Amino acid sequence: MKVRALDALMGHARRVSSVCVSADGRRVLSGSLDRTVRLWELPVGRCLRVLEGLTSDVNAVTLGRDGRLALSASGELVVGEGLVRVWETDSGRVRRDLKGHEGEVSAVALDAGEARAVSGGVDTTVRVWELESGRVVHVLRGHSGWVRTVAMASDGSRVVSAGMDRTVRVWSTAAGAELRVLEGHTDAVYSVALSGDGRRALSASRDRTLRLWDVEAGGCLRTLEGHTEPVRGVCFRGDGAWALSGGEDKTVRLWEVATGHCAWTEKTTGSVLSVSLSPDGRWAAAGTYDRKVLVWELEWGP
């Protein structure tokens, strides 16, 4: 496998908390504690648009499949109302604000059809939203601490969430009910990802490990070890065969999921807070504490 690093994308004034590569690999979205969201063109690295107007830190971002719809999660930690903002990236227009969380919203995800979104926050709830109307479909309760991360199956049928209570929880969006609790991490879980078929989940934790879960059966299939500091981000390639992670040890790592083998490690200049892979695995991105959006082109070979 060959890896080519692009020049770092610079423009954010504070740390980059979240990144998301579009499904077609032509754009990457970044969110920052500078209260802005930026849309970048790949591979040239040009900033296409700065989405402004938020009054609190941006903790998470996600893109629709064609890159024209973006969601950001923000809010004050203790007081105030958390906010999920829906943006139109071509115009920069705010389509809708999704309100209901009490305090900071830490995570947001979107289904493939862009019909529903899911969010999680410091109020310990997971909320499922209907994007067209902006209404809350379900408020999912079960976590005993801050929900730091959420993921949604491509068909919107299932949600996975995790956070400070060290658990990974699986929910049915149709029933609005908890299906199972996955336990094993010994510290807070910062990031969770779902495979394309929704059958596997990967979680990244402050305990410095990644865990691969069988979502159907509920067991831990494998523990991926190698990071020497808390792991802050994880994502799957579209087929679920490979995963990307990043952490406070200032590395990005590529894993073969079936074996747990780390095939590539890249050293960075700042702690890695978020990672993203295009579905075909050609483009990888990371957001760092030192205000950078890092992008790599991956050539997989035969």
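All of these numbers come straight from a predicted model, not from anything done at the bench.
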Who clusters with W283? Use side-chain heavy atoms, under 4.5 angstrom, across I, L, V, M, F, W and Y, and order the result by chain and number.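 L6, L9, V16, V19, V21, V28, W40, L42, V293, V295, all in the cluster of W283.
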To which residues is V181 joined in a hydrophobic cluster, defined by side-chain heavy-atom contacts under 4.5 Å among Ile, Leu, Val, Met, Phe, Trp and Tyr, whether direct or through other members?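 ILVMFWY cluster around V181 holds nothing else.
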Check the side chains of [Y] and [X] for a donor-acceptor pair under 3.5 angstrom, ignoring hydrogens and angles.
X    : Y    : answer
S203 : W213 : yes
H143 : S161 : yes
N59  : S106 : no

For [X], is the [atom1] atom crowded, meaning more than 12 foreign heavy atoms sit under 6.0 Å from it?
X    : atom1 : answer
R68  : CZ    : no
K2   : NZ    : no
R180 : CZ    : yes

Let me confirm one number: the [atom1]-[atom2] distance from [X] to [Y], rounded to the nearest 0.5 Å.
X    : Y    : atom1 : atom2 : result
K250 : T268 : NZ    : OG1   : 7.5 Å
L29  : R49  : CG    : CZ    : 12.5 Å
L63  : T89  : CG    : OG1   : 7.0 Å
T288 : L273 : OG1   : CG    : 7.0 Å

Holding to side chain to side chain contact (heavy atoms under 4.5 Å, CB included), I want the full list of residues that pass it with [X], two or more places apart in sequence or in another chain.
X    : value
A112 : R65, S154
T265 : T251, R253, C262
S172 : A174, A175, L179
A8   : M10, K292, L294

Tell me the ring-ring contact (aromatic ring centres under 6.0 Å, His included) pairs involving residues 259-281, sequence neighbours left out?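 Sorted pair list: W264-W296.
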Same cluster for V139 and V128 if Ile/Leu/Val/Met/Phe/Trp/Tyr side chains link at under 4.5 Å? no
Trace of the salt bridge (Lys or Arg N to Asp or Glu O under 4.0 Å) decision for R116 with E130: CA-CA 5 Å; R116 288 188 174 186; E130 184 180 75; 5.5 Å; no
Taking only residues two or more places apart in sequence or in another chain, which ones pass side-chain hydrogen bond (donor to acceptor under 3.5 Å, both in side chains) with [X]?
X    : value
T36  : H12, D34
E41  : R46
R14  : none
D214 : none

Look at E88 together with R95 and state whether they make a salt bridge at an N to O cut-off of under 4.0 Å. yes
Is D90 salt-bridged to R27, cutoff N-O under 4.0 Å? yes
Return each pair, listed once, that meets side-chain hydrogen bond (donor to acceptor under 3.5 Å, both in side chains) where at least one residue sits in residues 234-248; pairs must be two or more places apart or across chains.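 side-chain hydrogen bond (donor to acceptor under 3.5 Å, both in side chains) check on residues 234-248 returns H227-S245, R232-E248, R237-D239, S245-W255.
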